[in-house]
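What follows is a single structure, written as structure tokens, with notes after it.
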Amino acid sequence: MVFYTYWYFEYKYILPTPIPKDYVAIPVHAKIEVEAFLKRNSQKPTFFHFFNPYCPCSRFNLDHFRGLVQNYSNQVEFYAVIGSDELFNKTKKLLDKYKIFIPIIVDNQEKLAQKCGVYSTPQAVLLDAENKLYYRGNYNSARFCTNPATDFARLSLEAIINRVPPPRFGELSTRSYGCKYDSSAFSPGFLLKIP
């Protein structure tokens, strides 16, 4: 049973996240209406970290994400985005543990995720100062964010700070891997529900 459980979870996260039937891809440079989610007057770019504290892939990514926040928070505003109120306390506790002190946006009806074209976690969304989509996709091609050559989120942050056009990474950066962005997909008891 232990081997089956390990195999199931390892195999599951090697495969791309299934694309929802009603999914609408959002093109780079599309204006994203975020005023309902953010009350700010900043002229900085915005980075949304779509996260689920019960998703193993989101948890693997925390150390890497902390490095991005530490290195770029003077030039970019960072936010964690979660799919329900029920995830707030667990998310806050994990972010605090990793010393990631950023605001958390609760996206109860998945409206922000839909506006940004996100359907899995972890996903990075970077908007320019005019709220136009600059990058949406994976953090890295490697599960533990260990491949510097495909460090998509970091390379996008560096590009936007240097005011150059968005990098073109190809399908490897935008084909979502990880957990479905859905508050019902992961819960404290999920790991006991083996199919």
Side-chain angles (χ1 to χ4, degrees), residues 9-34 44-52 55-73 75-83 105 107 110-182 185-186:
F9 284 107
E10 283 297 306
Y11 181 71
K12 179 176 180 172
Y13 300 118
I14 290 171
L15 299 174
T17 306
I19 300 171
K21 291 178 185 173
D22 59 347
Y23 176 70
V24 177
I26 308 301
V28 171
H29 301 300
K31 175 97 168 162
I32 309 293
E33 300 297 329
V34 295
K44 294 180 181 179
T46 304
F47 189 104
F48 293 126
H49 173 60
F50 285 84
F51 180 78
N52 185 323
C55 172
C57 300
S58 285
R59 293 171 77 106
F60 294 150
N61 178 259
L62 277 170
D63 195 49
H64 178 72
F65 179 63
R66 175 181 57 201
L68 296 178
V69 173
Q70 288 173 344
N71 291 330
Y72 301 102
S73 61
Q75 299 108 323
V76 177
E77 288 191 11
F78 286 85
Y79 297 87
V81 182
I82 56 174
I105 296 172
D107 186 24
E110 301 177 24
K111 290 183 179 178
L112 183 57
Q114 290 171 5
K115 287 177 182 286
C116 295
V118 170
Y119 59 90
S120 72
T121 63
Q123 284 283 285
V125 170
L126 182 57
L127 306 180
D128 67 16
E130 297 174 348
N131 295 331
K132 292 180 182 173
L133 184 63
Y134 190 84
Y135 174 73
R136 186 227 29 103
N138 300 318
Y139 282 83
N140 197 294
S141 67
R143 184 174 186 180
F144 296 99
C145 300
T146 55
N147 184 351
T150 61
D151 204 352
F152 308 122
R154 180 186 55 79
L155 294 169
S156 295
L157 282 163
E158 289 176 0
I160 202 167
I161 289 166
N162 290 313
R163 299 182 180 185
V164 298
R168 296 177 188 259
F169 299 118
E171 186 181 5
L172 193 58
S173 69
T174 57
R175 185 150 188 188
S176 296
Y177 289 83
C179 307
K180 183 178 168 191
Y181 182 74
D182 176 357
F186 278 83

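Being a predicted model, the structure only gives us computed values, none of them experimental. Only this structure's heavy atoms are used, side chains among them; waters, hydrogens and symmetry mates stay out.
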Report yes if some heavy atom in the side chain of [X] is under 4.5 Å from a heavy atom in the side chain of [Y]; otherwise report no.
X      : Y      : result
Phe47  : Val69  : no
Val34  : Phe48  : yes
Leu127 : Leu133 : yes
Phe51  : Asn61  : no
Phe65  : Pro122 : no
His64  : Tyr139 : yes
Phe169 : Asn138 : no
Ser156 : Arg136 : no

Look only at the side chain of [X] and the backbone of [Y], and say whether a donor-acceptor pair between them is shorter than 3.5 Å.
X      : Y      : result
Asp128 : Pro45  : no
Tyr134 : Val125 : no
Asp151 : Leu155 : no
Asn162 : Val164 : no
Tyr119 : Lys180 : no

Test of understanding: with salt bridge (Lys or Arg N to Asp or Glu O under 4.0 Å), list the residues that count as partners of Arg59, not counting sequence neighbours.
none

To the nearest 0.5 Å, what is the distance between [atom1] on [X] and [atom2] on [Y]?
X      : Y     : atom1 : atom2 : answer
Ser176 : Tyr23 : OG    : OH    : 6.5 Å
Ser120 : Phe50 : OG    : CZ    : 10.0 Å
Thr46  : Ile32 : OG1   : CD1   : 11.0 Å
Cys57  : Asn52 : SG    : CG    : 10.5 Å

Strictly by modelled atom types, are Tyr72 and Glu158 linked by a side-chain donor-acceptor pair under 3.5 Å?
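On atom types as modelled, these side chains qualify, holding a pair under 3.5 Å.
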
Other residues, nucleotides and ligands only: do more than 12 of their heavy atoms fall within 6.0 Å of NZ on Lys31?
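Yes.
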
Assess whether side-chain contact (heavy atoms from CB on, under 4.5 Å) is satisfied between Val81 and Tyr181, documenting all intermediate values.
CA-CA 10 Å; Val81 182; Tyr181 182 74; 3.6 Å; yes

What verdict does the side-chain contact (heavy atoms from CB on, under 4.5 Å) test give for Ile26 and Lys115, after you've listed the backbone C-alpha separation in whole Å, the side-chain angles of each residue and the deciding distance to 0.1 Å?
CA-CA 8 Å; Ile26 308 301; Lys115 287 177 182 286; over 6 Å; no

Of the non-hydrogen atoms in Lys44 and Ser73, which two are nearest, and what is the gap between them?
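Heavy-atom minimum between the residues: NZ-O, 3.8 Å.
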
Taking all atoms of both residues into account, what is the closest heavy-atom pair of Tyr177 and Arg175, and its distance?
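Closest approach of Tyr177 to Arg175, heavy atoms only: CD1-O, 3.0 Å.
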
Regarding Cys179 and Cys55, I want to know if their SG-SG distance comes in below 2.5 Å, which is how I'm defining a disulfide.
yes

For Leu126 and Phe152, run side-chain contact (heavy atoms from CB on, under 4.5 Å): C-alpha distance rounded to whole Å, both residues' side-chain angles, the deciding distance at 0.1 Å, then the answer.
CA-CA 11 Å; Leu126 182 57; Phe152 308 122; over 6 Å; no

